[in-house]
Novice: 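Sharing a structure with you now.
Counting starts at 1 for both ligands and their atoms, following the listed order. Count residues from 1 along the sequence. All of these numbers come straight from a predicted model, not from anything done at the bench.
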Amino acid sequence: MKDKLLALQDEALKLLEQADSLSALNDLRVKYLGKKGPLTEILRGMGALSAEERPVIGQVANEVRSAIENAVQSKQEALEAAETQKRLMSETIDVTLPGRAPGKGAVHPLNKVIEEIEDIFLGMGFKVAEGPEVEQDYYNFEALNLPQNHPARDMQDSFYVTEEILMRTHTSPVQVRTMESMKGEVPVKIICPGRVYRRDDDDATHSHMFTQIEGLVIDKHIRMSDLKGTLLQFVQEMFGPETRIRMRPSFFPFTEPSAEVDVSCMMCKGSGCRVCKQTGWLEILGSGMVHPRVLEMSGYDPKVYSGFAFGMGVERIAMLKYGIDDIRHFYTNDIRFLKQFVHI
Ligand code: 2U9
């Protein structure tokens, strides 16, 4: 029986040595050490042995089992190491290959111009205020001296949501809300950037949605010269120190007196060109002294306080500054258009 066991050991160790994969190794393990294997069978048959033989054979059987188990274990480690080595070899990466750069995003040209305008006014002590795009009729019209049936409401055909709610037609309601929340405190010195909506037919220079920046200053002794000085400072920072402005009388229901503000053409410096239609001037701002009724309605006594206000269309300014010929470029997100403004 001892010889049988030793022969079994020799056979198993030889086959184990030749095993060339983990699955072949597992098959051998099951074959020699499994419940149905020859070793188990021999151990089961030990009951038939004499009392002297049993411990001797038992010990040999255990030694054979250990030898086979050890051989399986070391072969398994060797095969696993070989497999890891093979995988590492096939997975080598070339660290000298140039990397793939991820595409970089950039700020939209319209947002760049908004930020530029905000920075100029922040430098003059203004704060930025924002408000809802879906607005109440009161804040959009009523509080700005545009009562029901006022003819000026026809000037700005609007998108109504209900009879009382509409898409704001200008950012002026933000100023009204700010005045209301300041409860008569001064100074009010804010600019209000944001999207506005008007029922216009879209073309190269008109859009039913566009971006405005409006400003409002209220304090004691605010005069037209404060308005003019503020806007001159703004256009010189925006378009260059040689830029001039001129004011022409105009009308807005919320300002009195009102003025259109022209800037000297930044293309030809005022000598006349295609952009300024040979006039030397470009119309870019509306402005005026806040109407006493507007001050009063939002809690400021017009006998004590006065203020100025102005408004501009951001797309128009961006178009002039960068020579963009169609307002719709700002909204269609054509990557060929947007890429031209990555480095401005
Ligand atoms: C309050 C009081 C007064 C805001 C003003 C303008 C003149 C103006 C236009 C410029 C081009 C709009 O984008 S545009 O079409 N804006 O001409 N806006 S004064 O006046 C206000 C606002 C709020 C409480």
Novice: Looking only at side-chain N and O atoms, does Gln236 offer a donor or acceptor that is under 3.5 Å from a partner on Thr243?
Specialist: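 Short answer, no.
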Novice: Could you grab the distance from atom CE of Met182 to atom OG of Ser298, nearest 0.5 Å is fine?
Specialist: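 Answer for the CE-OG pair, Met182 versus Ser298, is 12.0 Å.
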Novice: Excluding sequence neighbours, so at least two apart, what forms side chain to side chain donor-acceptor pair (under 3.5 Å) with His206?
Specialist: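 Checked His206 against side chain to side chain donor-acceptor pair (under 3.5 Å); matches are Asp203.
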Novice: Write out each pair where an N or O from ligand 1 and one from the protein are under 3.5 Å apart, with the distance.
Specialist:
from     : atom 1 : to     : atom 2 : distance (Å)
ligand 1 : 13 (O) : Gln212 : NE2    : 3.0

Novice: With sequence neighbours left out, what residues match Ile120 under side chain to side chain contact (heavy atoms under 4.5 Å, CB included)?
Specialist: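 Once residues adjacent in sequence are excluded, the partners of Ile120 under the side chain to side chain contact (heavy atoms under 4.5 Å, CB included) criterion are Met124, Phe234, Glu237, Met238.
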Novice: Minimum heavy-atom separation for Phe310 to Leu285, with atom names?
Specialist: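 Reported closest heavy-atom pair: CD1-CD2, 4.3 Å.
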Novice: Lys321: which residues meet the salt bridge (charged side-chain N to carboxylate O under 4.0 Å, His left out) condition with it, sequence neighbours left out?
Specialist: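 Testing Lys321 for salt bridge (charged side-chain N to carboxylate O under 4.0 Å, His left out), a comparison that skips the adjacent residues, returns Glu116.
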